[in-house]
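Report on one structure; see the data block that follows.
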Amino acid sequence: MRAKQKFATSLNSNTQVSAQRDFVMQPPEIMDRITFNTLDDDILVGFVAAIRRHVGNGEKFAWVKLDNEPTGAFRAVPLARISSSDGFGRWRSAAP
């Protein structure tokens with residue numbers, strides 16, 4: 001009986017710590033402003049232009065228009081690397 005109670009307590013403490021959104025299961029919307037971590041440039045910010053699958057392995061990538069970069073410069077970001085999203089893409093695309 002103690003083991004069950006201890007497991008329930010540890011499960012509750014783990015769920016409170018890991019309340020971050022899983023972007024692989026719930027990808028950001030088009031035009032959402034996201035931040036993501038890269039191996040070479042640290043943390044970058046940009047807007048999602050499209051969500052595409054890799055032809056070889058099927059992994060999903062977000063094509064991101066980076067801030068402060070030339071027009072037409074995009075970066076393919078694995079969804080697992082995204083750290084945050086503002087969630088306003090739907091409203092940005094509906095704006096006149």
Taking C-beta and beyond as the side chain, do F36 and L79 meet within less than 4.5 Å on heavy atoms?
no

For G56 and H54, the nearest pair of non-hydrogen atoms, with its separation, is N-ND1, 2.9 Å

Here the gap from I43 atom CD1 to R81 atom CZ, rounded to the nearest 0.5 Å, amounts to 11.5 Å

V64/F74 under side-chain contact (heavy atoms from CB on, under 4.5 Å): CA gap, chis, key distance, verdict
CA-CA 5 Å; V64 179; F74 292 90; over 6 Å; no

*asked:* With a 4.0 Å cut-off on N to O distance, would you call D40 and R75 a salt bridge?
replied: yes

The side-chain hydrogen bond (donor to acceptor under 3.5 Å, both in side chains) partners of S83 (sequence neighbours excluded) come to T35

Verify the neighbour count for atom CG of N68: are there more than 12 heavy atoms of other residues, nucleotides or ligands below 6.0 Å? no

Shortest non-hydrogen pair, D32 vs S85, comes out as OD2-OG, 3.1 Å

**Any W63 side-chain heavy atom under 4.5 Å of V77 side chain** = no

What one should report as the nearest heavy-atom pair of P78 and E59 is CB-OE2, 3.4 Å

Here the pair of heavy atoms bringing P28 nearest to I82 is CG-CD1, 3.9 Å

### Message
In the structure I gave you, are the side-chain heavy atoms of V45 and I34 within less than 4.5 Å of one another anywhere?
### Response
no

- Query: Quick one: does R33's side chain have a donor or acceptor within less than 3.5 Å of a partner on G46's backbone?
  - Reply: no

Main-chain N/O of K60 paired with R52 side-chain donor or acceptor, under 3.5 Å | no

Between T38 and D41, the two heavy atoms sitting closest are OG1-N, 2.9 Å

Let me check something: do V48 and L66 share a hydrophobic cluster, defined by ILVMFWY side-chain heavy atoms less than 4.5 Å apart, either directly or through other members? yes

